[in-house]
Amino acid sequence: MLDQVREINLLWEPVYPYLAHHIANVYGRGDGAVHEVGPFCGVIYDLVRQQTGASFCIASFPAGMQSFYAGEIERRKMEEIVRVVPTTPELTGIGDNTVDLLVFRGALFFPSFFTVDHQAILRALKPGGTAFVGGGFGKYTPPEVIRPLADRSRELNYLIGKKETTVDDIRKELEENNITENTEIVTEGGLWVVMKKPLEPLEPLEPFER
């Protein structure tokens, strides 16, 4: 299976600049700690190029993907920019309130491969942070980029175990995880869940005595 995962990550290289543009528009910032999570990482390289974020990390699982990502980072001469850390679908090793932008592609479609932990995503986000979770080509990817890779992408997704998922499926899953606020399901350019972690309220000031 991992051979197919590696192949689809490489196959999608022409898509990444356009998808990064979509994610950057949703994020709306040029700073912050950016993490791309899971077995389907690659858009992070174009987030670097487009200067969306200040620090960049691939949180890799399963175990066999870490060396692949290290090679891809080296191929792009980004060793000093993008680091790789091991994790799990539960985002083991990623601290609470540490990530400003979390990108998790493929998270909603491969239940036989892994199960997304929505509460872990929310836990990892800093207050004011954004998670972009799901899959699709993004709303800016032109048809002439999609067309040459669509058939092989569909075949690889099937081999990896992709399951068709609907908006109602996602809404039910979010409700079961008690995530209903500050969350939007987006169907333009794929099927995505955009989660925004609210800013923490300011503590009241102590009374000032003269």
Side-chain angles (χ1 to χ4, degrees), residues 1-28 30 34-53 56 58-62 64-65 68-78 81-82 101-114 116 130-171 173 184-195:
M1 180 188 292
L2 289 188
D3 286 343
Q4 284 83 24
V5 173
R6 296 184 189 103
E7 182 181 345
I8 202 167
N9 284 345
L10 296 173
L11 181 70
W12 273 56
E13 280 195 49
V15 174
Y16 294 148
Y18 303 98
L19 183 53
H21 180 42
H22 185 173
I23 294 169
N25 278 5
V26 171
Y27 182 46
V34 177
H35 281 46
E36 189 171 15
V37 176
F40 303 105
C41 297
V43 74
I44 194 168
Y45 310 124
D46 282 280
L47 292 171
V48 171
R49 293 187 183 103
Q50 295 175 23
Q51 299 182 330
T52 302
F56 301 89
I58 292 175
S60 169
F61 73 84
M65 292 302 295
F68 169 78
Y69 291 139
E72 289 301 293
I73 291 166
E74 183 178 3
R75 181 165 71 90
R76 293 169 171 81
K77 303 187 186 307
M78 291 185 177
I81 304 171
V82 182
L101 172 61
L102 190 150
V103 180
F104 196 164
R105 294 170 45 246
L108 308 175
F109 307 101
F110 297 93
S112 63
F113 190 5
F114 62 89
V116 63
T130 300
F132 195 83
V133 180
F137 291 104
K139 67 180 183 179
Y140 297 119
T141 307
E144 59 267 25
V145 171
I146 297 171
R147 198 175 299 114
L149 55 84
D151 288 345
R152 182 56 178 164
S153 180
R154 193 177 302 110
E155 181 181 357
L156 289 168
N157 278 323
Y158 174 77
L159 292 171
I160 297 165
K162 183 177 180 181
K163 175 189 172 186
E164 294 303 319
T165 303
T166 67
V167 169
D168 287 341
D169 294 334
I170 301 306
R171 188 175 289 115
E173 188 174 314
E184 181 184 6
I185 299 173
V186 177
T187 57
E188 189 175 14
L191 182 55
W192 305 95
V193 175
V194 177
M195 300 167 62

| task | Check the pair Val5, Leu156 against side-chain contact (heavy atoms from CB on, under 4.5 Å), reporting the backbone distance first and the verdict last. | result | CA-CA 8 Å; Val5 173; Leu156 289 168; over 6 Å; no

| task | For side-chain contact (heavy atoms from CB on, under 4.5 Å), just list the numbers for Tyr140 and Glu188, CA-CA rounded to whole Å, side-chain angles, deciding distance to a tenth of an Å, and then say yes or no. | result | CA-CA 10 Å; Tyr140 297 119; Glu188 189 175 14; over 6 Å; no

| task | With side-chain contact (heavy atoms from CB on, under 4.5 Å) as the test, would you mind laying out the steps for Ile23 and Thr52 before giving the verdict? | result | CA-CA 9 Å; Ile23 294 169; Thr52 302; 5.9 Å; no

| message | Assess the residue pair Val186 and Val26 against the criterion (side-chain contact (heavy atoms from CB on, under 4.5 Å)); give the C-alpha distance rounded to whole Å, side-chain angles, the decisive distance to 0.1 Å, and a yes or no. | response | CA-CA 11 Å; Val186 177; Val26 171; over 6 Å; no

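Using a distance-only test at 3.5 Å, with no hydrogens or angles considered, a donor-acceptor pair links the side chain of Glu36 to the main chain of Ile44. Asn9 places a side-chain N or O within 3.5 Å of a backbone atom of Pro39 that can act as its donor or acceptor partner. Here the side chain of Tyr69 pairs no donor or acceptor atom with the backbone of Gly42 at under 3.5 angstrom. A donor-acceptor pair under 3.5 Å is formed between the side chain of Thr165 and the backbone N or O of Leu108.
Note that the CG atom of Asp46 and the CG atom of Leu19 stand 9.0 Å from one another [nearest 0.5 Å]. Ile146 CD1 to Asp151 CG: the interatomic distance, rounded to the nearest 0.5 Å, is 12.5 Å. Atoms CG and CZ, on Asn157 and Arg152 in that order, are 10.5 Å from each other to the nearest 0.5 Å. Expressed to the nearest 0.5 Å, how far OH of Tyr45 lies from CZ of Phe56 amounts to 12.5 Å. Here the straight-line distance linking atom CD1 of Ile58 with atom CD1 of Ile73 works out to 4.5 Å at 0.5 Å rounding. Between Gln4 atom CD and Leu11 atom CG the span is 12.5 Å, to the nearest 0.5 Å.
Annotation: salt bridge (Lys or Arg N to Asp or Glu O under 4.0 Å) contacts of Glu173 (sequence neighbours excluded): none. Residues that satisfy the salt bridge (Lys or Arg N to Asp or Glu O under 4.0 Å) test with Arg75, not counting sequence neighbours, are Glu13, Glu72.
Proximity of Lys162 to Phe110: side-chain heavy atoms (C-beta onward) are separated by under 4.5 Å at one or more points. For the pair Phe68 and Ser60, the minimum side-chain heavy-atom distance is 4.5 Å or more. Ile170 is not listed as a side-chain neighbour of Val167, based on a closest heavy-atom distance of 4.5 Å or more. Put simply, the side chain of Phe40 does not reach to within 4.5 Å of the side chain of Phe109, judged on heavy atoms. With contacts defined as side-chain heavy-atom distances shorter than 4.5 Å, the pair Phe137/Leu149 qualifies.
Heavy atoms of other residues, nucleotides or ligands lying less than 6.0 angstrom from CD of Gln50 number more than 12. Other residues, nucleotides and ligands place no more than 12 heavy atoms under 6.0 Å from the CD atom of Glu164.
Smallest separation of non-hydrogen atoms from Leu2 and Gly64: CD1-CA, 3.8 Å. Nearest heavy-atom pair, Val43 versus Ala20, reported as atom, atom and distance to 0.1 Å: CG2-N, 3.5 Å. When all heavy atoms of Ser153 and Trp12 are compared, the closest pair comes out as OG-NE1, 3.0 Å.
His22 pairs in a ring pair (Phe, Tyr, Trp, His ring centres under 6.0 Å) with only one of the listed residues (Tyr16, Phe132, Tyr27), which is Phe132.
The aromatic ring centres of Phe61 and Phe114 sit less than 6.0 Å apart.
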